[in-house]
*Asks:* 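Sending over a structure as structure tokens; questions will come in a sec.
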Amino acid sequence: VLVASTPELLAKDKGDLGDSGKVASDQSIQVEYSGKPLEARMQCYWKVRVWTSQSDVRDQRSEVRKKEECSRWSEASRWTMGLLQPADPSSPGSAEASWQAKWIGLKQPAPAPAGRTPVGPGPLQIVSASYQSASGDAARDVSGLLASRVKDGTLLIVASNNELGGDPADGVAKKLVVEYELDGSRGAMTVAENEQLAINLDSYSEEESKWSRQGYLRKGFTLDSTVRRATVYATALGLYELRLNGQRVGDHLLAPEWTDYHTRVQVQTYDVTPQLRSGDNAIGATLGNGWYCGGWQYWEKEIRAMYGTDPSLLVQLEIEFADGRRQTLVTDDSWRGTTDGPLRFTGIYEGVTYDARKEMPGWDAPGFDDSKWLALQARGADMKVGKLVWQRGQPIRATRELKPVAVTEVKPGVHVFAFDQNMVGHCRVKFRGKAGETVELQHGEMRNPDGTVFLGNLLVVSNHRIQLDRYTFRSDAE
């Protein structure tokens, strides 16, 4: 293995950083670098060649001879050293070779009132309620149970064996049938087993007020010369997607991925040289809950964050100009942010709520007016954060596109798209609707006998959403 500090030296077969020589070994992967000590930000160019041996046996009495063949050098490749240590104010010059960025985040809105907000006037009374088999042959009266769950003129409950006191018909599909009186008018609702029943309530308004809302963070800056190289180091407590001059940075999904955030946090590195320009620029990020302050698929009766209460962002953009000067831009209290964007709720396992009426065109580009956004504050040293480490595995990326094998309208206005493939991903779909209308996408792994999406295998014992995306139209359009 040859490792050089420049591509020119490597092309001359000179490894000024490291030259392993010929090594007799059966180790073909996980070969550690053994050359000179390396510094932060250093670019290292390397190539490798191998010797192979083949036994040559003419007959049983002849001696085994081994023939060695040497391969050509591989094509040159490169790695770049990251930021090796946090800044140490007591050590002169240490900040030059380390992290200068600070964690930033948005102070979340005050929690919603304890009571629910009804969609319409009350009071709400349960006239009758029956949890029964889909055919109606076996049933249990749950009128009193549902009446006890009425709160502030609303009802929110999951039609599950756990919530409704047991299984009235083992081994068959079930449904919850309810008759009620709201503000003097009679009404009726029927939901399938493991579906959510909400009367006089936006069933997700209470839940969405308990979690941190998606943040939009940005900063404008000016460059006065031609950029030779630009590298950005980024991570988050939560999930982030980085934006630069109106374009997405990288192709990572769900970055920085899950770790024990109190022990270690993975950092991602991106070459953003082509995305910068002389003059005005803007950097931005969307910041979501992720595994840090979101659920872990426990789906308990009450949502609870796992590590922290709201997400934070850490970004350091290092720029080298053609004339040799350097400029560093970091997350600090000069950034601005808002939670009043189109992403109203994000949960890895719970789903996303997107309101297109809240879209902010150009928020991640130069010239956007962010004067009404909040000024952010760098977060203190009292945050419980693990060691920053570099991502060792391949990032999560989109690798395939699948089309549904069947589309069925199981009831008026309800369509099931069957992919016949258990997978992890997200949907791309076109709808036509009116301004203010909402489309829901419920994701699952199986179908009920009636063709609807089955959620029973997801251990539904909670009163909150599960794998459900909601999109609200901005205008009468597609």
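Since this is a predicted model, take the numbers as computed values, not measurements.
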*Asks:* Would you call the rings of Tyr240 and Tyr270 parallel, tilted or perpendicular if under 30° counts as parallel and over 60° as perpendicular?
*Replies:* perpendicular
*Asks:* List in chain and number order the residues that pass salt bridge (charged side-chain N to carboxylate O under 4.0 Å, His left out) with Asp420, two or more places apart in sequence or in another chain; answer none if no residue qualifies.
*Replies:* Arg447
*Asks:* Within the distance-only criterion (no hydrogens, no angle test), does the side chain of Thr80 pair as donor or acceptor with the backbone N or O of Arg41 below 3.5 angstrom?
*Replies:* no
*Asks:* Tell me, yes or no, whether the heavy-atom count around Arg49 atom CZ, taken from other residues, nucleotides or ligands under 6.0 Å, exceeds 12.
*Replies:* yes
*Asks:* Taking Val315's backbone N and O only, do any of them form a donor-acceptor pair with Thr331's side chain (distance below 3.5 Å, no angle check)?
*Replies:* yes
*Asks:* Lys403: what forms a salt bridge (charged side-chain N to carboxylate O under 4.0 Å, His left out) with it, not counting sequence neighbours?
*Replies:* none
*Asks:* So, the side chain of Gln316 versus the backbone of Trp99: is there a donor-acceptor pair under 3.5 Å, distance only?
*Replies:* no
*Asks:* Checking side-chain hydrogen bond (donor to acceptor under 3.5 Å, both in side chains) for the pair Gln43/Tyr45: CA distance, chi angles, key distance, verdict?
*Replies:* CA-CA 7 Å; Gln43 290 192 329; Tyr45 302 85; 2.9 Å; yes
*Asks:* Should the pair Arg344-Asp355 be classified as a salt bridge under the 4.0 Å nitrogen-to-oxygen rule?
*Replies:* no
*Asks:* Report the residues that fulfil side chain to side chain donor-acceptor pair (under 3.5 Å) with Gln275, sequence neighbours left out, ordered by chain and then residue number.
*Replies:* none
*Asks:* Strictly distance-based, threshold 3.5 Å: is any side-chain N or O of Asp469 a donor or acceptor partner for the main-chain N or O of Val352?
*Replies:* yes
*Asks:* Identify, with sequence neighbours excluded, every residue that meets side chain to side chain donor-acceptor pair (under 3.5 Å) alongside Thr472.
*Replies:* Thr438
*Asks:* Check the surroundings of atom CZ in Arg397: do more than 12 heavy atoms from other residues, nucleotides or ligands lie under 6.0 Å from it?
*Replies:* yes
*Asks:* Would you call the rings of Tyr292 and Tyr307 parallel, tilted or perpendicular, taking 30° and 60° as the class edges?
*Replies:* parallel
*Asks:* Counting only N and O atoms by type, is there a donor-acceptor contact under 3.5 Å from the side chain of Gln467 to the main-chain atoms of Gly351?
*Replies:* no
*Asks:* Does anything in residues 218-242 pair up under salt bridge (charged side-chain N to carboxylate O under 4.0 Å, His left out), and if so which pairs, sequence neighbours excluded?
*Replies:* Arg218-Asp370, Asp224-Arg325, Arg228-Glu320, Arg229-Glu320, Glu241-Arg243, Glu241-Arg248
*Asks:* Between Phe473, Phe345, Tyr471, which is the residue that forms a ring pair (Phe, Tyr, Trp, His ring centres under 6.0 Å) with Tyr354?
*Replies:* Tyr471
*Asks:* Throw together a table of side-chain donor-acceptor distances under 3.5 angstrom for residues 24-32, partners on residues two or more places apart or in other chains.
*Replies:*
residue	atom	partner	partner atom	Å
Ser25	OG	Gln27	N	2.9
Gln27	NE2	Ile29	O	3.1
Gln27	NE2	Gln30	O	2.8

*Asks:* Assess whether a salt bridge exists between Arg379 and Asp310, defined as any Lys/Arg side-chain N lying under 4.0 Å from an Asp/Glu carboxylate O.
*Replies:* yes
